[in-house]
Amino acid sequence: MVSVRRYDRLFYGGMAIALALTVFAGFAATYYLPVVTGRPKVTLSGAPFTTLVHVHAALFTTWVVFFIVQTALVARRRVALHRRMGVTGAVLAGAMVVAGTILAVEAAGRGAAPPGMDPLAFLAIPIFDMVLFTTFMAAALVRRRDPEWHKRLMLMAYISITVAAVARLPGVIALGPPGFFGLTFVFVIVAGLYDLLTRRRVHAAYLWGGGLFLLSQPLRLMISRTGAWHALAEALTR
């Protein structure tokens, strides 16, 4: 068990770095590099950077750093500090959901969407990202005293909001939702394979969490085509 825990510290630390690099690579061209180099500051849809865009970016970037710090604290066996910082993480997650939802609605209101997609229909994708993130975070907080569940649920929460970054990797957005959801799900597959190698079984957190993530893709696409969703989206964007 001691050797498995040592491998766990390496694995979850490695996943935190891999996800951080994915986020940076996805948003480098449309946010991070323009901010640093002074290039034209416009979003993927061509809209100018607003205060809301900067707040959203700051919150989600803070989450990336926070996750690395939390995994590093566990790796160094500073579990007490890790748990105290969990309160900060919960507050940060709540702010992310609020900012992410408002930005998604604002983008749909000005007609921002990938080529060939109706902006009001596309709004279902980021909204469901926030729903999944909230679900996994809430479950992780409930199971915070069970390390085996907690760390996997936190990882699922992180993966669930990486879709936007994966979609912005070169050539990916042209693949549509199946492409960027499928590539994001690779992180879940890697986590499941790690469990198989170290435990000889996949933990239930990945089974139901990964299943929920997969199910959400066709579900949100089906919902986005309904009249009820369009009515709701129109009301939100107004």
Side-chain angles (χ1 to χ4, degrees), residues 1-28 32 56-97 99-100 129-130 132-166 169 183-199 201-210 212-213:
M1 181 60 71
V2 173
S3 61
V4 170
R5 288 176 179 170
R6 185 185 302 118
Y7 290 138
D8 280 0
R9 291 192 287 268
L10 291 173
F11 174 75
Y12 286 96
M15 288 291 280
I17 297 298
L19 287 164
L21 291 174
T22 301
V23 170
F24 177 77
F27 286 98
Y32 294 121
H56 176 272
L59 289 171
F60 279 70
T61 301
T62 301
W63 171 265
V64 171
V65 177
F66 175 80
F67 200 89
I68 292 174
V69 170
Q70 284 292 73
T71 56
L73 288 174
V74 173
R76 295 181 180 181
R77 298 181 177 85
R78 302 191 65 181
V79 178
L81 179 57
H82 170 91
R83 288 174 177 167
R84 288 198 296 272
M85 288 186 64
V87 177
T88 302
V91 174
L92 174 61
M96 290 165 62
V97 171
D129 285 343
M130 293 297 93
L132 278 182
F133 179 70
T134 301
T135 300
F136 289 132
M137 279 299 302
L141 290 174
V142 170
R143 302 301 297 265
R144 63 188 179 278
R145 299 195 181 280
D146 186 337
E148 294 299 308
W149 273 92
H150 178 73
K151 61 189 177 186
R152 288 171 173 83
L153 289 168
M154 288 297 294
L155 183 59
M156 285 301 308
Y158 195 169
I159 292 171
S160 71
I161 56 169
T162 310
V163 177
V166 172
L169 295 173
L183 289 173
T184 305
F185 193 71
V186 169
F187 287 109
V188 182
I189 294 173
V190 170
L193 288 175
Y194 173 76
D195 268 8
L196 280 177
L197 289 173
T198 56
R199 273 89 169 172
R201 65 182 180 87
V202 178
H203 195 278
Y206 292 144
L207 293 177
W208 79 260
L212 185 60
F213 182 86

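Nothing fancy with the numbering, it's 1 onward along the sequence.
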Fill in: Residue that, paired with Asp195, satisfies salt bridge (charged side-chain N to carboxylate O under 4.0 Å, His left out) out of Lys151, Arg201, Arg152
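Exactly one candidate clears the test, Arg152.
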Worksheet item: Tell me the side-chain hydrogen bond (donor to acceptor under 3.5 Å, both in side chains) pairs involving residues 18-28, sequence neighbours left out?
Response: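 Those involving residues 18-28 do not exist here.
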The criterion is side-chain contact (heavy atoms from CB on, under 4.5 Å); which residues satisfy it with [X], sequence neighbours excluded?
X      : value
Ala90  : Leu141
Leu196 : Leu193, Val202
Ala95  : Leu59
Arg78  : Leu73, Arg76, Leu81

Could you check whether any side-chain heavy atom of [X] comes within less than 4.5 Å of a side-chain heavy atom of [Y], counting everything from C-beta outward?
X      : Y      : result
Met96  : Ile161 : yes
Met15  : Thr71  : no
Ile159 : Phe185 : no

Worksheet item: Do you know which two heavy atoms are closest between His150 and Arg144, and how far apart they sit?
Response: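 Smallest heavy-atom distance, with atoms named: ND1-CA, 3.5 Å.
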Practice prompt. Could you tell me which non-hydrogen atom of Ala20 sits nearest to which non-hydrogen atom of Val64, and how far apart they are?
Written response: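 Scanning both residues completely, I find the closest heavy atoms to be CB-CG1, 3.4 Å.
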Worksheet entry | side-chain contact (heavy atoms from CB on, under 4.5 Å) assessment of Phe66 paired with Gln70 | CA-CA 6 Å; Phe66 175 80; Gln70 284 292 73; 3.6 Å; yes
Practice prompt. List the steps and the verdict of side-chain contact (heavy atoms from CB on, under 4.5 Å) for Leu197 and Tyr7.
Written response: CA-CA 11 Å; Leu197 289 173; Tyr7 290 138; over 6 Å; no
Worksheet item: Which distance, rounded to the nearest 0.5 Å, do you find between the CH2 of Trp63 and the CD1 of Ile68?
Response: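 Trp63 CH2 to Ile68 CD1: 12.0 Å, rounded to 0.5 Å.
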Worksheet item: Nearest 0.5 Å, what's the CG-CZ distance between Leu19 and Phe24?
Response: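 Between atom CG of Leu19 and atom CZ of Phe24 there are 15.5 Å.
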Item to complete: Carefully, step by step, assess Tyr206 and Leu155 under the rule side-chain contact (heavy atoms from CB on, under 4.5 Å).
Response: CA-CA 9 Å; Tyr206 292 144; Leu155 183 59; 3.5 Å; yes
What residues, two or more places apart in sequence or in another chain, satisfy ring pair (Phe, Tyr, Trp, His ring centres under 6.0 Å) together with [X]?
X      : value
His203 : Trp149
Tyr194 : Phe11
His56  : Phe60

Worksheet entry | Partner set under side-chain hydrogen bond (donor to acceptor under 3.5 Å, both in side chains) for Thr61, not counting sequence neighbours |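 If we apply the side-chain hydrogen bond (donor to acceptor under 3.5 Å, both in side chains) test to Thr61, skipping adjacent residues, the hits are Tyr32.
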Show every donor-acceptor pair shorter than 3.5 Å between a side-chain atom in residues 132-140 and any protein atom, with sequence neighbours excluded, or say none if there are none.
residue, atom, partner, partner atom, Å
Thr134, OG1, Met130, O, 2.8
Thr135, OG1, Val131, O, 2.8

